[in-house]
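Okay, so here's the structure we're looking at.
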There are 2 protein chains.
Amino acid sequence: MTDPRPTPLPPPEISDATLRRFVGYHMKRAFNVVQADLTATLGPFRLRMLTYSALVLVCDNPGLSQTRLAAAMDIERPNLVVIVDELERRGLITRDRVPTDRRAYALMPTPSGRRLCGQAIKAVEAHEARLFAGLDDTTRQTLVAVLSALRATPNS
Amino acid sequence: MTDPRPTPLPPPEISDATLRRFVGYHMKRAFNVVQADLTATLGPFRLRMLTYSALVLVCDNPGLSQTRLAAAMDIERPNLVVIVDELERRGLITRDRVPTDRRAYALMPTPSGRRLCGQAIKAVEAHEARLFAGLDDTTRQTLVAVLSALRATPNS
DNA sequence: TATTGTTATACTCTATAACTATA
DNA sequence: TATAGTTATAGAGTATAACAATA
């Protein structure tokens, strides 16, 4: 199976050894892959990673306030507003006033929201099972442990 | 050390067990931490993760074309244009026409670009050493191996 | 004064279509 | 025709300041 073509210009391998030494570089690329796959998985539910995360947290913690939800999602409160707007507009959650603190909202899942959430969770489970099929349990646990430990950064 | 205050409302722990079961959730949060830290690290050099990656690749592969650089960085060519624009405007790289193919550019680092690149690499090395100080070599290698393996996604 | 939710805003990254000039 | 680089554009995520209502 020799190739008779006079290879027009054998594209010299790119040397990315320097970049590959940095974990952040690998994290970025890996996350892009996961993100793209997850977006496709959630597409049929008209959810994105952020709306999905918010819906799951509201279903698991009915009555959550937006401030605490934003903290749990590790995003800024202003950025949560549009996410809650979207979930509320679709009738998946409700914003109920808290009698004891009329500043805050108690976010509650609707029956429809709970239903969609359950379906989306199953889809994401299947998505992750496929994506991480090559990892044994120990490696997967190590991965999660390492990523979790990165939460708090003792910056200099 | 008893607390005499009548805890106004003991914020019930948020149950995020469902989300925590998904690796993508941990990847997102971990990447946000790394990204924020890296942005701070590169700030003094007026570089971001993308401009840094591009500069490193051009320094390691002088004469690289934009198409191949975009492929190496795993971004779309249109998005690379502004990155190359910025590096060129700052005098860190040059866009030289390729005599044999006048459509393409040969990206070359300037002496100033090489100098800044060397300094930035050292800063990023220190940044990563600090960020991943808790990981032994084996764990770190496992992490990189797992993240790298995620590149190609056999999507269903 | 402090906090909840909100608006406005800006920057970055990502993705696609369509154009130009070359090949 | 196909490719290299470009422009325009749109969507999404992130971050900060400042405001009204309420505590």
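Proteins get letters first, then strands, A, B, ... in listed order; numbering begins at 1 in each.
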Please test A:His127 against A:Val124 for side-chain contact (heavy atoms from CB on, under 4.5 Å), starting from the C-alpha separation and ending with a verdict. CA-CA 5 Å; A:His127 141 82; A:Val124 171; 4.2 Å; yes

Neighbour count >12 (heavy atoms, 6.0 Å) for atom CZ, A:Arg97: yes

Using atom CG of B:Leu38 as one end and atom C1' of C:dT12 as the other, report the distance to the nearest whole Å. 14 Å

Is it possible for you to say whether A:Val84 and A:Val98 belong to one hydrophobic cluster, with membership spreading through side-chain heavy-atom contacts below 4.5 Å? no

Taking only residues two or more places apart in sequence, or in another chain, which ones meet A:Pro62 in a side chain to side chain contact (heavy atoms under 4.5 Å, CB included)? A:Met108, A:Pro109, A:Arg114

Donor-acceptor pair, A:Asp60 side chain versus B:Asp16 backbone, under 3.5 Å? no

Of A:Asp101 and A:Gln35, the one whose closest DNA chain D nucleotide lies more 5': A:Gln35

With the threshold set at 4.0 Å, does a side-chain nitrogen-carboxylate oxygen contact exist between A:Glu13 and B:Arg68? no

Between protein and nucleotides 5-7 of chain C, what N or O pairs are separated by less than 3.5 Å?
residue	atom	partner	partner atom	Å
C:dG5	OP1	A:Gln66	N	3.1
C:dG5	OP1	A:Tyr105	N	3.0
C:dG5	OP2	A:Gln66	N	3.3
C:dG5	OP2	A:Thr67	N	2.6
C:dG5	OP2	A:Thr67	OG1	2.7
C:dT6	OP1	A:Arg95	NH1	3.0
C:dT6	OP2	A:Gln66	OE1	3.2
C:dT6	OP2	A:Gln66	NE2	2.7
C:dT6	OP2	A:Arg95	NH1	2.9

Quick one: do B:Glu86 and B:Arg46 make a salt bridge, cutoff under 4.0 Å? no

Using a strict 4.0 Å threshold on nitrogen-to-oxygen distance, state whether B:Asp37 and B:Arg130 make a salt bridge. yes

Would you mind telling me which of A:Leu87, A:Ile121, A:Thr110, A:Leu47 makes a side-chain contact (heavy atoms from CB on, under 4.5 Å) with A:Leu116? A:Leu47

d(CG, B:Asn32; C1', C:dT12) in whole Å: 13 Å

For A:Arg21, check side chain to side chain contact (heavy atoms under 4.5 Å, CB included) against everything at least two apart and list the hits. B:Glu125

At a heavy-atom distance below 4.0 Å, which nucleotide of DNA chain D is the first touched by chain B, and which is the last? D:dA2 to D:dT14

How many whole angstroms separate atom CZ of A:Phe31 from atom C1' of C:dC13? 12 Å

Figure out the CE/C1' separation between B:Met73 and C:dA15, and round it to whole Å. 15 Å

Can you name the residues that form a side chain to side chain contact (heavy atoms under 4.5 Å, CB included) with A:Asp85, not counting sequence neighbours? A:Val81, A:Arg89, A:Arg95

Does anything in residues 45-63 of chain B reach DNA chain C, meaning a heavy atom under 4.0 Å, and if so which residues? B:Arg48, B:Leu50

